[in-house]
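Encoded as structure tokens, the structure appears first; notes follow it.
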Amino acid sequence: MIKIPHTVVLAALVTMGMFGGIASADAGSGPGSARVTVNDNQSQITVVGEGNLSSIPDVMRLNTGVEVRRATASAAFADARKAAAKLTEALLGAGIAAKDLQTNELSLGPVYDNYPVVAGYRAAQGVEAVVRDVDSADKVIDAVAAVGEEARLNGVSFEVSDTHKMLKAARDAAFEDARARAEQYARLAGDELGRVVSITEEGGTPPSPIMFGGALAADKASISPGQQNISVRVRVVYKLR
């Protein structure tokens, strides 16, 4: 047994690389710190572990809608409503559930070619469609494009539906990382790791939607959900024995 003075502080900061894959949660995945304090009454080690995970989104939110321009306001609004009904029918036919369709824009206003002379009226109605089967994204976008010249594709975002499962896996990885660090430093100090005294979850990176703005072409190669990342940091205090 190494003899340690009455009060010793050992601090270390370790930087390690990130990795992906929700199925490959691993300890030692990111930066962390460890602090060992030893005195006559109590020996403890405090470590910070980090868990970094990535997952492929399984939900797509499609921002679409219709837009028309007519000579009168009433004609523009009426034709926009007709086009919106056609769009809704197309989305339902592509497999989108009615509960996953939401109107997110409804507008009507004048169009000026030479202000203040009104050249016509523009009416638009926007719809957000939640695509719960990302593999069917191409089919849904093709259905929107088939509505006609009034159809608009304004962008998409991707997200993971079960974020709780993803967060739980990141916490598991962060705790395992903390324990691995604590065991290493306890061994270097000539001690054995004891029971957990406290656990504190610190700031991390929550999962957030991946946004793709702008108009989209109905091109199969353009639909890619990418990956969504999450990180969790946890501070754990262990007793040494």
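Just so you know, these numbers come straight off a predicted model, no measurement behind them.
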List the atom of P57, the atom of G226, and the distance in Å for their closest heavy-atom pair.
-> CD-O, 3.3 Å
Look at the side chain of S136 and the backbone N and O of K139, then say whether any donor-acceptor pair between them is shorter than 3.5 Å.
-> no
For E202, look at atom CD and say whether over 12 heavy atoms of other residues, nucleotides or ligands are found less than 6.0 Å away.
-> yes
Over all heavy atoms of both residues, which pair between F158 and Q228 is shortest? Give the atoms and the distance, please.
-> O-NE2, 4.1 Å
According to a 4.5 Å side-chain heavy-atom criterion applied to Ile, Leu, Val, Met, Phe, Trp and Tyr, with indirect links allowed, do Y185 and I199 form part of one hydrophobic cluster?
-> yes
Candidates E105, R81, R152 - the one meeting side-chain contact (heavy atoms from CB on, under 4.5 Å) with Q125 = R81
Within-4.5 Å side-chain heavy-atom neighbours: L92 and L101 | yes
Do the non-hydrogen side-chain atoms of L193 and R179 ever get within less than 4.5 Å of each other?
-> yes
When rounded to the nearest 0.5 angstrom, what distance separates CD in E150 from NZ in K82?
-> 11.0 Å
Counting only N and O atoms by type, is there a donor-acceptor contact under 3.5 Å from the side chain of K239 to the main-chain atoms of G194?
-> no
With a 4.5 Å heavy-atom cut-off, do S107 and E67 have their side chains touching?
-> no
Determine, step by step, whether T46 and R235 satisfy the side chain to side chain contact (heavy atoms under 4.5 Å, CB included) criterion, reporting the C-alpha distance in whole Å, the side-chain angles of both residues, the deciding distance to 0.1 Å, and the verdict.
-> CA-CA 7 Å; T46 301; R235 181 179 298 272; 3.7 Å; yes
Taking the side chain as C-beta and beyond, is there a heavy-atom pair between V232 and F175 under 4.5 Å?
-> no
For the residue pair A123 and A76, what are the closest heavy atoms and their distance?
-> CB-O, 3.3 Å
Run the numbers on Y238 and V47 for side chain to side chain contact (heavy atoms under 4.5 Å, CB included), then give the verdict.
-> CA-CA 8 Å; Y238 291 91; V47 291; 4.1 Å; yes
How far does CG of D177 sit from CZ of R181, to the nearest 0.5 angstrom?
-> 4.0 Å
Linking I/L/V/M/F/W/Y whenever their side-chain heavy atoms sit closer than 4.5 Å, directly or via other members, would V68 and V144 fall into one cluster?
-> no
May I ask you to test the I230-V160 pair for a side-chain heavy-atom distance under 4.5 Å?
-> no
Audit row: R132, D100, salt bridge (Lys or Arg N to Asp or Glu O under 4.0 Å) steps and yes/no = CA-CA 9 Å; R132 300 192 183 278; D100 289 330; 2.9 Å; yes
Any link between L188 and L240 through a network of hydrophobic side chains (Ile, Leu, Val, Met, Phe, Trp, Tyr) touching at under 4.5 Å?
-> yes
Within 6.0 Å of CD1 in I56, more than 12 heavy atoms from elsewhere = no
Should F77 and V66 be counted in the same cluster of Ile, Leu, Val, Met, Phe, Trp and Tyr side chains packed under 4.5 Å apart?
-> no
Does V111 reach the side chain of Y121, with side-chain heavy atoms less than 4.5 Å apart?
-> no
Here the pair of heavy atoms bringing D113 nearest to A119 is OD2-CB, 3.3 Å
OG1 of T64 to CD1 of I141: how many Å apart, nearest 0.5 Å?
-> 9.0 Å
Do the non-hydrogen side-chain atoms of E201 and R233 ever get within less than 4.5 Å of each other?
-> no
Over all atoms of both residues, closest heavy-atom pair of L87 and G65 | CD2-CA, 3.7 Å
Decide yes or no on side chain to side chain contact (heavy atoms under 4.5 Å, CB included) for V59 and V130, but give the supporting numbers first.
-> CA-CA 7 Å; V59 172; V130 180; 3.8 Å; yes
Hey, is the main chain of K165 close enough, under 3.5 Å, to the side chain of D162 for a donor-acceptor pair?
-> yes
N104/N63 under side-chain hydrogen bond (donor to acceptor under 3.5 Å, both in side chains): CA gap, chis, key distance, verdict | CA-CA 9 Å; N104 59 8; N63 186 9; 3.3 Å; yes
Measuring from I223:CD1 to M60:CE, what's the distance to the nearest 0.5 Å?
-> 6.0 Å
Verify side chain to side chain contact (heavy atoms under 4.5 Å, CB included) between I45 and V237, making sure each step is shown before the conclusion.
-> CA-CA 6 Å; I45 179 170; V237 180; over 6 Å; no
Supply the atom-to-atom distance I96 CD1 to T88 OG1, rounded to the nearest 0.5 angstrom.
-> 11.5 Å
Please check if Y115 and V117 belong to a single hydrophobic cluster, counting links between Ile, Leu, Val, Met, Phe, Trp and Tyr side chain heavy atoms closer than 4.5 Å.
-> no
Any side-chain heavy-atom pair of S231 and E50 under 4.5 Å | yes
Shortest non-hydrogen separation from A73 to L108 and the atoms involved = O-CD1, 3.8 Å
Once you round to the nearest 0.5 Å, how far does CE of M166 lie from OG of S54?
-> 6.5 Å
